[in-house]
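What follows is a set of notes on a single structure, which appears directly below.
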There are 2 protein chains.
Amino acid sequence: MASLPKKPAMSKDSLLPLLMAHVMAEGLGQASLRPLAKAAGTSDRMLIYHFGSKEALVSDLLTYIAGVYAGMLDAGVAASARPATRAELLTGLLAQNGDPAMQPFQMLWWEIVSGSARDLPGFRAAARGMVGKLLAWLEGQMPAGDPDPAGGARFLLAVIEGAAMLAAVGHEATAYEGLLAGGLLPT
Amino acid sequence: MASLPKKPAMSKDSLLPLLMAHVMAEGLGQASLRPLAKAAGTSDRMLIYHFGSKEALVSDLLTYIAGVYAGMLDAGVAASARPATRAELLTGLLAQNGDPAMQPFQMLWWEIVSGSARDLPGFRAAARGMVGKLLAWLEGQMPAGDPDPAGGARFLLAVIEGAAMLAAVGHEATAYEGLLAGGLLPT
DNA sequence: AAGCCAGTGTAGCACTCGCTACAGAATCGC
DNA sequence: GCGATTCTGTAGCGAGTGCTACACTGGCTT
């Protein structure tokens, strides 16, 4: 016999990817149980059954999303070529953030930041974790001979997040001009 | 007799400050008509009457908030002493952003950014306007002998917004270390 | 076989949502 | 005067909210 003690046709683990997909497309704030359930092929009844409450569902979902994000970064570490300069690294990061494929994630990210600023349950932890993961990844991406990889990664993190925010409000040109004036982009 | 042509006991102009106060305290996403009306001393019925729809109300409210923000900056221009160096300016900005009194506004700001990223009606325009105003103010605040006030202001804008985001997710130490490593803070 | 219990569907509850219909009240131009 | 216009209160609608009560299945243990 296979080792299925009961008959769990669905579980948190099987639901979370589907819920994440829906939240990516529709947003976190507007997500209510019935649409979420429909996207996951279940009923609101079952979501409450598995997660206990909507609040717990959102919290679990944020944790899951943070994990997926960490996995994406880990996968990217193996694939990407180590840049030679900070400017080169920054250019690549900006290009990646600007990629249209990343936009749903960017939208979700600002919702998470907003929830974190208001300290909604689960948001702060997820945001902290994702930033921490990004920072660690960034340290590993710093150029080989960099004099201060740890500090430099933190500096670049602040800069790219600032640029991302400006882009989110339609000031991508301002961001570019700023980074240029700061001497952070290749000449 | 007083000069009341009709009897406009209330109007958009009289309502918007009260609505803004409520939104500052409670958040923009959770704001629904009945609580908003209660905070403004009216009924949901009247809010719809004056603004036409909730969407229009939010849009008008964002425009109003952007105006208030611009006014605050203008008032600050007259009062503040011009800093001598970029590092000094940045230090002052960080201190201001970290001020607990600014926190309700910071929370609201990230909600506006989130709405702008999703392109909700009115959000992008308000966010753009506020950033534009902040940028202009920042240019005026740049040190007297600065070699590139325009570019420098844009650079500082990206940096402080990145630092503000990191602070919003509980990474204020990371932001500080980054700015330090970037040589942007006084030694 | 008997009982148990995790898992699931149906129906519904109490509530809030944005918005509207309808009726009054006050003030205007005529 | 008197209709018209502007403003405001009461009541409610239809839809959606998170969540629950209840019945029922099917496989488990004993």
Side-chain angles (χ1 to χ4, degrees), chain A residues 1-20 22-23 25-64 111 114-115 118 120-123, chain B residues 1-20 22-23 25-64 111 114-115 118 120-123:
Chain A
M1 285 291 187
S3 61
L4 25 153
K6 293 299 151 63
K7 52 159 188 175
M10 71 182 54
S11 64
K12 284 190 183 186
D13 291 337
S14 71
L15 289 171
L16 283 171
L18 302 168
L19 296 176
M20 176 176 165
H22 179 259
V23 159
E26 306 293 330
L28 202 42
Q30 278 62 33
S32 50
L33 286 181
R34 282 167 181 80
L36 280 172
K38 190 176 177 184
T42 343
S43 64
D44 55 331
R45 168 70 180 74
M46 282 293 100
L47 293 183
I48 296 292
Y49 177 76
H50 283 297
F51 293 94
S53 68
K54 190 197 175 183
E55 183 177 308
L57 185 155
V58 171
S59 195
D60 285 5
L61 182 53
L62 288 172
T63 304
Y64 173 75
E111 258 185 297
S114 173
R118 288 214 181 266
L120 304 183
F123 281 75
Chain B
M1 285 292 188
S3 60
L4 25 154
K6 293 298 154 63
K7 52 157 185 170
M10 71 183 55
S11 64
K12 284 190 183 186
D13 292 336
S14 69
L15 289 172
L16 284 171
L18 301 169
L19 297 177
M20 175 176 167
H22 179 259
V23 159
E26 306 293 330
L28 202 42
Q30 278 63 34
S32 51
L33 286 181
R34 283 169 180 82
L36 280 172
K38 190 176 176 185
T42 343
S43 64
D44 54 331
R45 167 72 181 73
M46 282 294 98
L47 293 183
I48 295 294
Y49 176 76
H50 283 297
F51 293 94
S53 69
K54 189 196 175 182
E55 182 176 308
L57 184 153
V58 171
S59 195
D60 285 5
L61 182 53
L62 288 172
T63 304
Y64 173 75
E111 259 185 301
S114 172
R118 289 214 180 266
L120 304 183
F123 282 74

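First the proteins, then the strands, lettered A, B, ... as listed; each starts at 1.
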Worksheet item: A/E111 side chain to A/G29 main-chain N or O, any donor-acceptor pair under 3.5 Å?
Response: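 A pair under 3.5 Å: yes.
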
Distance check needed: [N] [atom2] versus [X] [atom1], whole Å only.
{"X": "B/I48", "N": "C/dA21", "atom1": "CD1", "atom2": "P", "value": "13 Å"}
{"X": "B/L36", "N": "C/dG18", "atom1": "CG", "atom2": "P", "value": "8 Å"}
{"X": "B/L15", "N": "D/dT8", "atom1": "CG", "atom2": "C1'", "value": "13 Å"}
{"X": "A/F51", "N": "D/dC19", "atom1": "CZ", "atom2": "C1'", "value": "16 Å"}

Worksheet item: A/L62 versus A/L28: any side-chain heavy-atom pair under 4.5 Å?
Response: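 Yes - at least one pair of side-chain heavy atoms lies under 4.5 Å apart.
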
Discussion item. Taking the side chain as everything from C-beta on, heavy atoms only, tell me whether B/F51 gets closer than 4.5 Å to B/L15.
Written reply: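 Touching, per the 4.5 Å side-chain cut-off.
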
Item to complete: Give every residue pair that meets the side chain to side chain donor-acceptor pair (under 3.5 Å) criterion with at least one member in residues 31-44 of chain A, sequence neighbours excluded.
Response: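 Every candidate side chain to side chain donor-acceptor pair (under 3.5 Å) pair involving residues 31-44 of chain A fails, so no pair, neighbours aside, qualifies.
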
Worksheet item: Which side chain to side chain donor-acceptor pair (under 3.5 Å) pairs, counting each pair once, include a residue from residues 50-61 of chain B, with sequence neighbours left out?
Response: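 The answer is B/K12-B/D60.
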
Discussion item. Please determine whether a side-chain nitrogen or oxygen atom of B/H50 lies at a distance below 4.0 Å from atom OP1 or OP2 of D/dC7.
Written reply: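 False: B/H50 side-chain N/O out of range (4.0 Å or more) of D/dC7 OP1/OP2.
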
Worksheet item: Can you check whether A/Y49 has a side-chain N or O nearer than 4.0 Å to OP1 or OP2 of C/dT8?
Response: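 Indeed not, no polar side-chain atom of A/Y49 lies that close.
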
Worksheet item: With the sugar-phosphate defined as primed atoms, P, OP1 and OP2, and the base as all remaining atoms, what B/S/- string results for nucleotides 9-17 of chain C, 5' to 3', for protein heavy atoms under 4.0 Å?
Response: BB-B----B

Worksheet entry | side chain to side chain contact (heavy atoms under 4.5 Å, CB included) assessment of B/F123 paired with B/V58 | CA-CA 9 Å; B/F123 282 74; B/V58 171; 3.9 Å; yes

